[in-house]
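Accompanying notes for the structure given below.
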Amino acid sequence: MKNIIRNISIALLIALSSMPLTAQQANRKPVISSSGFIFYKDLFLKVLLIAFGVSLLIALICCLVMKSKMITAKKAKYADNYLIESAVVITDSSDKYSHETVQITKLQQANAQDLTKSR
Amino acid sequence: MVQVTNYKCPNCTGPMHFSSKSNKVECDYCGSVFDVSQVDSMFNQKVNDAKDEAEKHQDDNNQKWEETGIRSYTCSSCNAEIICDENTVATSCPYCSNPTVIPSQFTGGRMPEFVIPFAFDKKQAMQALTKHYSKKRLLPSVFSKENHVEEIKGIYVPFWLYDGNSDVDMSFEATKTYVQQDTQERKEITQFYKVHRSGNVPFERIPVDASVKMDNDLMDSIEPFDYSKMVDFTPSYLPGFYAEAYDESEESCKPRAELRITNSSFEEIKSTVVGYDSVRTTNSSIKINHTKVTYTFMPVWLLTTKWKDQIFKFAMNGQTGKMVGNLPIDWGKFWKYFIGILLGGTTLLTAILYIAMGM
């Protein structure tokens with residue numbers, strides 16, 4: 001379920017980033033104009049899609065939270081309450097540098113080229 | 001037949017029970033109140049005599065009962081025959097209702113070392129169940145109205161408490177990432193480190209219920225118990241409640257404690273790897289050393305309800321009042337909420353976004 005929520009979130013972010021988000025950016029041609037109200041079909045559909053996606057995510061999270069409250073008997077997986085934290089002893093500790101990778105993105109070119117080097 | 005011990009009031013011979021409110025033993029009839037130590041001195045001789053008698057006849061009794069799993073005792077108050085499970089330690093006589101303790105169950109090293117006395121009574125357990133139902137939006141509306149508590153029992157549940165420590169050895173691959181940017185290009189540099197940690201993680205009194213009849217998930221979920229209120233065991237805490245002797249040995253319960261020790265030890269050691277953007281475990285090993293196991297009685301209120309031919313079990317920590325138990329889900333309500341939030345949210349957000357972006 002966590003994966004579903006994550007995938008929906010990613011899809012929404014991609015949709016948001018690729019859309020013209022203002023009337024100026026969108027094709028500003030009024031489709032319906034009655035009693036002074038200007039309706040932009042293009043913008044409306046995009047806004048509707050975003051709103052639907054965000055609401056879908058909110059509805060899913062809310063319902064899953066409500067469902068989780070119904071299940072209160074669970075197997076204990078940790079013994080954190082019984083750990084004597086003050087008596088934990090680290091007997092050996094080492095942090096050794098291994099290697100590094102460099103990812104270079106050219107900023108001037110329109111089609112950014114990724115170069116990956118390993119040293 | 002082996003005798004049981006009834007805790008009768010020395011003033012009026014009425015049945016006595018341990019009161020969770022006063023933390024003393026009270027008479028149901030005349031209201032006399034006694035300290036646990038006073039009751040101990042009054043009944044210790046009786047308990048010891050019954051234990052001795054049981055030890056003498058242990059071999060005969062075991063042969064008779066081994067196959068059936070049922071045992072019979074004589075009520076010392078009304079002489080009626082009390083039939084109960086082979087692990088029952090405390091119950092009440094079905095004829096005279098006198099709280100009954102079976103001292104023969106304390107023979108052969110089956111005497112608990114400690115007990116946590118009840119701090120909540122039956123009424124408070126019922127109130128806790130009602131509270132457990134509240135604010136559960138997906139609970140079928142008729143569940144709390146139609147369902148009736150079939151059974152409510154205050155039980156001293158046998159627990160093993162495990163002390164020990166773990167020797168942990170772990171290896172990780174950790175990374176640090178930073179970005180360098182100028183007008184020409186953007187460099188993302190990721191540095192890889194090989195990290196190693198070894199350590200010793202001590203644990204104290206990890207509880208594992210030692211009764212086959214008790215639902216393990218329920219018993220795990222009512223934790224934690226406040227060990228500061230734990231006292232030396234004496235049978236005087238039992239009158240008025242049910243009690244079971246362990247039927248799962250400390251060896252057979254050990255894997256449950258070890259699983260928890262392993263998970264927490266790894267998390268604890270991993271938490272010492274700091275200063276990195278990502279940490280991935282590449283290798284881990286653990287050796288658990290058990291130093292001590294303690295046999296203890298823990299107070300639990302068990303409530304059973306029935307709805308649509310399905311049995312629902314709830315447990316309340318008799319010391320802290322924590323209530324747990326799975327509830328049925330009304331899927332109709334689930335989808336109503338889902339569609340409601342989806343449509344409401346879409347309408348509201350569309351209006352807000354359209355106005356904001358169209359301006």
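Numbers restart at 1 for each chain; the letters A, B, ... are given by sequence-line order, proteins then strands. Since we're looking at a predicted model, the values are computed, not measured.
In this structure, the side chains of A:Asp95 and B:Arg197 come closer than 4.5 Å at one or more pairs of heavy atoms. A heavy-atom distance below 4.5 Å is found between the side chains of A:Val88 and B:Pro202. Considering only heavy atoms from C-beta on, A:Lys67 comes within 4.5 Å of B:Trp331 through its side chain. Side-chain contact between B:Met323 and A:Thr72: absent, with no pair of heavy atoms (C-beta onward) separated by less than 4.5 Å. Using a 4.5 Å heavy-atom cutoff, the side chains of B:Phe338 and A:Leu64 are not in contact. Residues B:Leu349 and A:Ser55 are in side-chain contact: their nearest non-hydrogen atoms beyond the backbone lie under 4.5 Å apart. At a threshold of 4.5 Å between non-hydrogen side-chain atoms, the residues B:Lys176 and A:Glu100 do not count as touching.
Atoms NZ and NE2, from B:Lys194 and A:His99 in turn, are 8.5 Å apart once rounded to the nearest 0.5 Å. Residue A:Thr91 holds its OG1 atom at 8.0 Å from CG of B:Asp169, rounded to the nearest 0.5 Å. With values rounded to the nearest 0.5 angstrom, B:Ile189 atom CD1 is found 8.5 Å from A:Ile104 atom CD1. Interatomic distance, CG of B:Leu259 versus OH of A:Tyr78, reported as 9.5 Å (0.5 Å rounding).
In terms of heavy-atom pairs under 4.5 angstrom with chain A, the leader among B:Asn200, B:Ile329, B:Thr175 is B:Asn200. Note: B:Ile206 leads B:Ile206, B:Asp167, B:Asp163, B:Val201 in heavy-atom pairs under 4.5 Å with chain A. Between chain A and the options B:Pro207, B:Gly275, B:Pro328, B:Ala351, the largest number of non-hydrogen pairs under 4.5 Å is found for B:Pro207. In terms of heavy-atom pairs under 4.5 Å with chain A, the best-connected choice from B:Asn216, B:Ile341, B:Asp217 is B:Asp217. The most heavy-atom pairs under 4.5 Å with chain B, out of A:Ser93, A:Ser94, A:Cys62, A:Ala87, come from A:Ser94. Of the listed residues (B:Tyr337, B:Phe203, B:Phe334), the one with the most heavy-atom contacts under 4.5 Å to chain A is B:Phe203. The choice from B:Pro224, B:Ser221, B:Gly345 that makes the most heavy-atom pairs within less than 4.5 Å of chain A is B:Ser221.
In this structure, the portion of B:Ile269 lying under 4.5 Å from any heavy atom of chain A is its side chain and not its backbone. Both the backbone and the side chain of B:Glu204 come within less than 4.5 Å of a heavy atom in chain A. Residue B:Tyr162 does not touch chain A at all, counting heavy-atom pairs closer than 4.5 Å. Using a 4.5 Å cut-off between heavy atoms, B:Glu173 does not touch chain A at all. Both the backbone and the side chain of B:Thr190 come within less than 4.5 Å of a heavy atom in chain A. Heavy atoms of B:Gln180 lying under 4.5 Å from chain A are absent altogether. Using a 4.5 Å cut-off between heavy atoms, A:Asp80 contacts chain B through both its backbone and its side chain.
Taking each heavy atom of A:Lys69 and B:Lys136 in turn, the nearest pair found is O-CE, 3.2 Å. Closest approach of A:Cys63 to B:Leu138, counting heavy atoms only: O-CD1, 4.3 Å. Heavy atoms only, all atoms of each residue included: B:Asp220 and A:Lys74 are closest at CB-O, 3.8 Å.
Taking the six-membered ring where tryptophan is involved, the planes of A:Tyr82 and B:Tyr227 are tilted, since the angle between them lies from 30° to 60°.
In this structure, B:Lys336 places its NZ atom where only 12 or fewer heavy-atom neighbours from other residues, nucleotides or ligands lie under 6.0 Å away.
Side chain of B:Thr350 to backbone of A:Leu48: no donor-acceptor contact under 3.5 angstrom is found. For the pair B:Asn326 (side chain) and A:Ala73 (backbone), a donor-acceptor distance under 3.5 Å is present. At distances below 3.5 Å, at least one donor-acceptor pair connects side-chain atoms of B:Asn263 with backbone N or O atoms of A:Lys77.
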So A:Glu85 and B:Glu268, side-chain contact (heavy atoms from CB on, under 4.5 Å) or not? Walk me through it.
CA-CA 9 Å; A:Glu85 219 149 324; B:Glu268 184 64 22; 3.8 Å; yes
Where do B:Asp215 and A:Lys75 land on the salt bridge (charged side-chain N to carboxylate O under 4.0 Å, His left out) test, with the steps shown first?
CA-CA 10 Å; B:Asp215 184 297; A:Lys75 192 176 285 299; over 6 Å; no
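With A:Tyr97 as the fixed residue, the ring-ring contact (aromatic ring centres under 6.0 Å, His included) test singles out one of B:Phe192, B:Tyr193, B:Tyr276: B:Tyr193.
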